[in-house]
Amino acid sequence: MKKVLIFFMAIAVSSFAFASSETPWTNSILKSVSKCTATAYGTYYGPGGNETDVSCTKTASSCAQAQADAANCRDLNVCNAVRSFGLEPSPTLNCPKVSEFENP
Amino acid sequence: MKKLIRLFVFFLMFFIPASRVCAFSDGDSVIKIIYKRSYNNPPFPESTNNQYIIIDGNKSYCLFGEGVRGKDGKIGARVDLMKDFGNHTLYFMGPMIPEYTVNDYWSDSLPAMHWTIVNQFTTIKNNYCQKAVTNFRGREYTAFFALNIPIQDGPWKFCGLPGLIVKLGDSKGIYNFEMTSFEKVPNEYNLGIGKENGDYSLYKPLFKKWHLRRLEKDKARREADPNCLDCGEGVTVRYTFIENLLD
C-alpha cells in the first residue's frame with residue numbers, strides 16, 4: 001500500500017514539474033518563430049580603386065521590418081563611405097543630410 | 001600555304017583597326033571604351049559596374065560614371081584618373097577629407113607596371129589577343145591585349161602593352177575587367193583634373209595615416225552610440241584596396 005502511494009506521489013510531482021516548465025519554454029519558441037533576421041549587402045567603389053564592403057544583419061518582429069532595417073543600415077554605411085571621400089552619394093541611396101548624418 | 005594565310009590574317013588584323021584608331025588623333029572625335037568591372041571578394045556577393053574610358057589624343061580619362069550633359073551641351077564627368085601619354089605621367093584622384101578634396105590629384109609613373117608578354121594567343125570578341133602578366137603592388141594580374149588595336153591603354157592604371165587590354169584579372173579572382181564596347185564618338189566631352197599635390201610615394205603614407213584616422217573616428221562613433229541605425233553586432237564594414245596602400 002505504501003509503495004503504491006509513493007508511486008502515485010512520484011507521478012504527481014513529475015507532472016507538475018513538466019507542466020510548470022513547459023509553459024515558458026513553449027512561449028520562448030513562439031517568440032523566436034515570430035522573429036525574422038535579414039541581411040543586406042552593399043559595395044561602394046571609391047576613388048583610386050578603393051572598395052568598401054558593407055553587410056548589415058538585423059532582426060525584427062516581422063521580416064519586412066528586418067529587411068527594411070538591414071537595407072537602411074547598409075545604405076547609411078555606404079553613405080558614410082561615399083562621404084568619407086568628400087563625394088555626394090547618389091539620390092537613390094536616400095542618405096540623410098550631412099548635418100543629420102553627423103549628429104544622428 | 002597555311003602559314004601564308006596566318007601571316008595574311010595577322011597583318012589584316014593590324015591594318016583594319018588602324019583606320020579606327022587614327023580617328024582619335026582627330027580633334028572632332030574621341031575613342032570611348034567601356035569595361036565591365038567585376039569585384040568578387042567573398043563572403044560579400046559579387047558586384048559589377050562599368051568603367052568608362054575616353055581617349056582624346058594623347059590623354060586618356062577614366063571616369064566615374066558615363067558623365068552628364070551640361071547646359072553648354074558638353075558632357076562632364078568626374079575623372080578618377082588621367083593618363084597623359086605625352087608626358088608619361090598618370091594622375092589619379094586621391095581625396096583625404098578634410099585636407100585633400102576630390103579636386104586633389106596625385107601623380108604616378110606611366111606605365112606604373114612592368115609586363116611580361118607570354119607566347120599565348122586567343123580570340124576575345126573578335127579581337128586577336130596575346131597574354132601578358134604582371135605583379136603590381138601586391139597582386140598578380142593576367143591581361144589579354146588586342147594585337148589588332150594598337151592603343152597602349154587599358155582599365156584603371158593598367159596600360160603599357162602593345163595593344164589595348166581587352167581582358168584583365170588578378171590571380172585571386174577579386175578584380176576583373178572585360179571590354180564590352182569600343183567606339184569612336186563625337187568629342188562632346190569637357191574633361192579635366194584638379195591640382196597635382198605630389199607623387200605616389202608621397203600619397204601612399206598620407207593615405208595610410210588618413211585611413212587609420214578614419215577607422216578610429218568610425219569606431220569612436222559606433223562606441224558612443226551602439227544603438228545607432230548603422231551600428232550593432234551584425235554590422236561589418238570592410239575596406240579593400242586594389243593597390244597595397246597599407247604596407
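Letters A, B, ... mirror the listed sequences (proteins, then strands); counts begin at 1.
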When the 4.5 angstrom heavy-atom criterion is applied to W210(B) and chain A, the contacting part is side chain

When the 4.5 angstrom heavy-atom criterion is applied to Y239(B) and chain A, the contacting part is both

Cut-off 4.5 Å, heavy atoms of chain B, and the answer for Y41(A) is side chain

Applying a strict 4.5 Å limit to non-hydrogen atoms, the region of T52(A) in contact with chain B is both

Please find the pair of heavy atoms, one from [X] and one from [Y], that lie closest to each other, and give the distance.
X       : Y       : result
N176(B) : G173(B) : ND2-O, 3.6 Å
W115(B) : A132(B) : CE3-CB, 3.8 Å
W156(B) : I53(B)  : N-CD1, 4.4 Å
Q152(B) : L161(B) : CG-O, 3.0 Å
P205(B) : L202(B) : CD-O, 3.4 Å
M113(B) : K157(B) : CE-O, 3.6 Å

Fill in: E233(B) atom CD: more than 12 heavy-atom contacts under 6.0 Å
no

For K58(A), look at atom NZ and say whether over 12 heavy atoms of other residues, nucleotides or ligands are found less than 6.0 Å away.
yes

Under 3.5 Å donor-acceptor, [X] side chain and [Y] backbone:
X       : Y       : value
Y35(B)  : I165(B) : yes
T134(B) : H114(B) : yes
K59(B)  : I54(B)  : no
N77(A)  : D230(B) : yes

Residues in [range] that sit under 4.5 Å from chain A, counting heavy atoms only:
range                       : value
residues 60-70 of chain B   : F64(B)
residues 77-98 of chain B   : R78(B), D80(B), M93(B), P95(B), I97(B)
residues 240-247 of chain B : T240(B), F241(B), I242(B), E243(B), L245(B)

Would you call K209(B)-E216(B) a salt bridge at under 4.0 Å N-O?
no

Within residues 62-75 of chain A, the residues sitting under 4.5 Å from chain B by heavy atom, in sequence order, are N72(A), C73(A)

Any idea which of [options] has the most non-hydrogen atom pairs under 4.5 angstrom with chain B?
options                        : answer
D53(A), V54(A), L87(A), T59(A) : D53(A)
G49(A), G46(A), C56(A)         : G49(A)
G42(A), S55(A), A81(A)         : S55(A)

Next item on the list: May I ask you to decide if the ring planes of F158(B) and F136(B) are parallel, tilted or perpendicular, using 30° and 60° as cut-offs?
Entry: perpendicular

- prompt: For the residue pair F207(B) and H211(B), does the interplanar ring angle fall in the parallel (under 30°), tilted (30 to 60°) or perpendicular (over 60°) class?
  reply: parallel

Set out, in order, the CA-CA distance, both residues' side-chain angles and the distance that settles side chain to side chain contact (heavy atoms under 4.5 Å, CB included) for L168(B) and F145(B), then state yes or no. CA-CA 9 Å; L168(B) 180 142; F145(B) 61 95; over 6 Å; no

Indicate yes or no: at least one non-hydrogen side-chain atom of M179(B) is less than 4.5 angstrom from one of L164(B). yes

- Query: Hey, are N80(A) and D218(B) close enough side-chain-wise for a donor-acceptor pair under 3.5 Å?
  - Reply: yes

Give a yes-or-no answer on whether the side chains of S38(B) and N40(B) include a donor-acceptor pair shorter than 3.5 Å.
no

inquiry  = Does R37(B) qualify as a cation-pi partner of Y45(A), given the criterion of NZ or CZ under 6.0 Å from the six-membered ring centre and within 45 degrees of its axis?
reply    = yes

